[in-house]
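Chain letters run A, B, ... following the sequence lines, proteins first, then strands; residues in each count from 1. Computed from a prediction, not measured in an experiment: that's the story for all the values here.
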Number of protein chains: 2
Amino acid sequence: MDTRTALLDSAELASRTRGYDGFSYADLSRDVGIRKASIHHHFPKKADLAEAVLARYSDAVLTRLADIAKASSTAADAFKAYLTLYREALDDGRMLCLCVAFGAGRDSLPTAAQNQLTAFHADSIAWLTRQFECAARDKSVSLSGSPRDEAAACLALMEGAQLVARASGSAAPFDQATAAFGARLAPTVQ
Amino acid sequence: MDTRTALLDSAELASRTRGYDGFSYADLSRDVGIRKASIHHHFPKKADLAEAVLARYSDAVLTRLADIAKASSTAADAFKAYLTLYREALDDGRMLCLCVAFGAGRDSLPTAAQNQLTAFHADSIAWLTRQFECAARDKSVSLSGSPRDEAAACLALMEGAQLVARASGSAAPFDQATAAFGARLAPTVQ
DNA sequence: GTCTATAGTTTGATAGAC
DNA sequence: GTCTATCAAACTATAGAC
């Protein structure tokens, strides 16, 4: 694997368990197997690394969401895939998704990363809003508020469910927290 | 104000904006107005400080929850007070509650603090479960799942709503995310 | 209880050889 | 692109005077 990618992987994993301030170039060095100084060739400052990790994450997730929207015949199907995305990122309570991890220590992030994080959240909510608008049309999910409010609630539920699960060190609380939402997505029994 | 309390206040505020790894004894020193070395008289190790901050927070919140339960005539009233608690801790998108902030960087917390955090979440879910059980009896809120699942969902929603709000730097997304839950608490129009 | 002084380590970062 | 060597600054923590 190319070194730059290995460094991004290591930094992302570390961020998702210990936060941005919780890992150092020394950690990456041990993990990837090159010297600290060599890391600066790929990412001159730690702020560059934060930007790159977040950019890669944001692109990957947003691309995935676009694919999900395209592949889903109903809004309910899209939400099911969305739920799975967050459920799997949790890794049985060992990890958080990057947006939760970076969101918590927000004020210690470099400014560029703070803006990327804000943009990612806005894009996520926009995608969810479109799905809830679609749900209002295809009736695959019943709305209990405006598509915009539902979108904010859905994102909050996913991020919060990860935190609650992690506090217990297992995936069970994530499943409990999202059970009601999951039930809304099940095909209605006539 | 006594120095120990001032230190705890400073450490809690710093944790809620930058995380446990995001502040140092030098920050507290500037903030409180005593020298770094003097802080060690009150909290010999930073781990002691983490424990103390989390213990004070946990006691305060749990006491408040007990008071809320006692003062509320219906489950809906208790949930309204609970919602306000999280909404106010947000400080218009500038801060998170301590359990969210510490939950994110969990793996870099001292072991004792990790256990305190797990216990606090368990206590919170237990309290919420009791309220939803109460709601099933007094019919002030309609249940869409077991009290236990509802409790996990409610806690996740509060914590997630704080994260989503903070990413945008305003309280608005918190209100959007919790609007549907708030609507469930409103007295039913006959 | 607070101070000065300082130890020992780790941090992010740079210069220059290969 | 990776290395050795090194830096200045920041970190947690301790000793001992007042």
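Whole-Å rounding puts the A:Ile39 CD1 to D:dT2 C1' distance at 11 Å. Separating the CG atom of B:Asp48 from the P atom of D:dT12 is a distance of 13 Å, rounded to the nearest angstrom. With rounding to whole Å, B:Arg4 atom CZ is found 13 Å from C:dT2 atom P. Atom C1' of nucleotide C:dT9 and atom OH of A:Tyr25 are separated by 20 Å, given to the nearest angstrom. Counting to the nearest Å, the P atom of C:dT10 and the CG atom of B:Asp21 are 15 Å from each other. Following rounding to the nearest Å, A:Phe43 (CZ) and C:dT11 (P) show an atom-to-atom distance of 18 Å. The distance from atom NE2 of B:His41 to atom P of D:dC18 is 19 Å, rounded to the nearest whole Å.
Here B:Phe102 and B:Tyr57 keep their ring centres 6.0 angstrom or further from each other. Ring to ring, B:Tyr25 and B:Phe43 are not that close: their centroids are 6.0 angstrom or more apart. Here the two rings, on A:Phe174 and A:Tyr86, have centers that are 6.0 Å apart or farther.
Taking the side chain of A:Ile34 as heavy atoms from C-beta on, and the options C:dT11, D:dT2, D:dT14, the nearest nucleotide is D:dT2. Side chain of A:Arg35, nearest nucleotide from D:dA13, D:dT4, D:dT2: D:dT4. With D:dG1, C:dT2, C:dA13 as the candidates, the nucleotide lying closest to the side chain of A:His42 is D:dG1. Residue B:His40 has its side chain nearest to D:dT12 when only D:dC11, D:dC3, D:dT12 are considered. The side chain of B:Lys46 approaches D:dA13 more closely than any other nucleotide in the set D:dT2, D:dC11, D:dA13. The nucleotide whose nearest atom lies closest to any side-chain atom of A:Ala37 is, among D:dC3, C:dT2, C:dG12, D:dC3.
For the residue pair B:Ser108/B:Asp21, the side-chain donor-acceptor check at 3.5 Å is satisfied. Side-chain contact check for B:Gln116 and B:Ser58: no donor-acceptor pair (N or O, by modelled atom type) lies under 3.5 Å.
One finds no side-chain N or O of B:Ser24 lying less than 4.0 angstrom from the OP1 or OP2 phosphate oxygen of D:dA10. For A:Thr3, no side-chain nitrogen or oxygen approaches OP1 or OP2 of D:dG1 to under 4.0 Å.
Within the 4.0 angstrom heavy-atom criterion, base atoms lie near B:Ser38. B:Phe23 comes within contact range of the sugar-phosphate backbone alone, with a heavy-atom separation under 4.0 Å but no base atom that close. The residue B:Lys36 sits close to a base: some heavy atom pair falls under 4.0 Å.
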